[in-house]
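Just so you know, ligand 1 is whichever comes first in the structure, and atom 1 is the first atom listed for that ligand. The shown structure was predicted, so the numbers you read here are calculated from the model rather than taken from an experiment.
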Amino acid sequence: MRAVQASGELILERGEGAHVWDDAGNRYLDATAGLWYANVGYGRTEIAGAAAAQMRKLHAYSHYGDVSSRPTTDLAERISGIAPMADAAVFFTSGGGESIETVVKMVRRYWSLVGEPDRTVIISRERAYHGLAGYGTSIVGTEAFKVGVGPLAGGTATVAWDSPEALEAAIAEIRADRVAAFFCEPIIGAGGVLLPPKGYLQAVQGICRAHGVLFVVDEVICGYGRVGDWFASNRIGLEPDALTFAKGITSGYVPLGGVVVGKRMQEPFWETGAAGVWRHGYTYSGHASAAAAAHVNLDIVEREGLVARGLELENEIAEALAPLAAHELVSELRSGFGAVAAVQVDPALLADDPGLSDRIVLGARRHGVLGRVLVGGGLQISPPLVITRADLDELASGLAGALDDAAAAHHS
Ligand code: PMP
């Protein structure tokens, strides 16, 4: 709070394509697609029009019980059609955090319905990020997010982010008959853009299967084109039991998220049993205007080939950023799985000067690039999927300028 008070706020006013403008008329290339969501870019009046039209007709109605609206029901079907699991069902929320809350309760209730109520433990990974609602904060893999908020949810465990053996060992230690689910992001996003080691995701899926543990993939960042397929799971042939989404479903034009659930997890919820109605839902679950916006957003993704563009950007981003690898402040570039990358500021320098990455990001604004620092001090690169090759050069040279400024200040 003090830092913002000292430097003042940056007030953004409008956007177009991959660029945004502040209230003084300065233009910035958006290196991060907002918070990894603006996949179709800024200024899409078509999406605004669809939301407005739905608002004029029926802006929303509670979707509890048997009530729905056409855009919402159709959107569930549309998502089911592109999901990595067969016969998928969709539960809508307002964003990623609520999706995580929902899926934690869903997996635990699943086990209680199938007669294994002791299976409650949720295993997540170090460095993982699953939003900051109650359960999300309880399973986050970076301790800084947990400081000072008192007791969190119990029944959680974390394992090394990159080791199938660590998961196997944790399941053995906790005992499989107490483990409800393993949660994982295909790419650890906010935790630093950490790409899965080769074979990691297939291996952990196999371990979950072998022990009956539910496999939950958090695709809040990866979904709807960012990684060169509809979901990361489609791209690498995973078939999770449940998948969470948000962000790219509407490119952030309105808040919307959800959980996609495969057949195995659906079954006990559809059975009429002693457990009765599952009393879970949010005021805005299934919001009709959000669904209308999502349809047009997906129409744009399809029409403009943005899923394929996500795949092309994998190489184009790596190429554009490559010259930065030799910079004295940079220890590593991470890329290679869709339109996501990180420029890692040297941890050895950050150890002495923890504010270095923040200053680089602030400095980049003077070079026309709006960016963000990840956990661990990397610079987040996840531009709108409409970014051009020329824009990527603009992004790389803006970052190079900011790195040079920071290096000069570091030496003086
Ligand atoms: N899961 C992942 C993987 C995320 O990246 C995020 C948000 N960055 C969330 C969950 C939480 O989403 P929200 O901020 O919409 O609650």
* Asked: Is the gap between the ring centers of F245 and F231 under 6.0 Å?
  -> no
* For S69 and H63, test the side chains for any donor-to-acceptor distance below 3.5 angstrom and give the result as yes or no. =>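 Yes, side-chain donor-acceptor contact under 3.5 Å.
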* Regarding T102 and T93, is there a side-chain donor-to-acceptor distance under 3.5 Å anywhere? -> no
* Structure fact -> Near ligand 1 (heavy atom, under 4.0 angstrom), the protein residues are G95, G96, G97, Y129, H130, G131, E185, D218, V220, I221, K247
* Is the W278 ring parallel, tilted or perpendicular to the H280 ring (thresholds 30°, 60°)? -> parallel
* Asked: Is the number of heavy atoms from other residues, nucleotides or ligands under 6.0 Å of R178 CZ greater than 12?
  ->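 Atom CZ in R178 is not crowded, with 12 or fewer foreign heavy atoms closer than 6.0 Å.
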* Asked: Near Y284 OH, under 6.0 Å, is it more than 12 heavy atoms from other residues, nucleotides or ligands?
  ->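 No, OH of Y284 has 12 or fewer neighbouring heavy atoms, counting only those of other groups under 6.0 Å.
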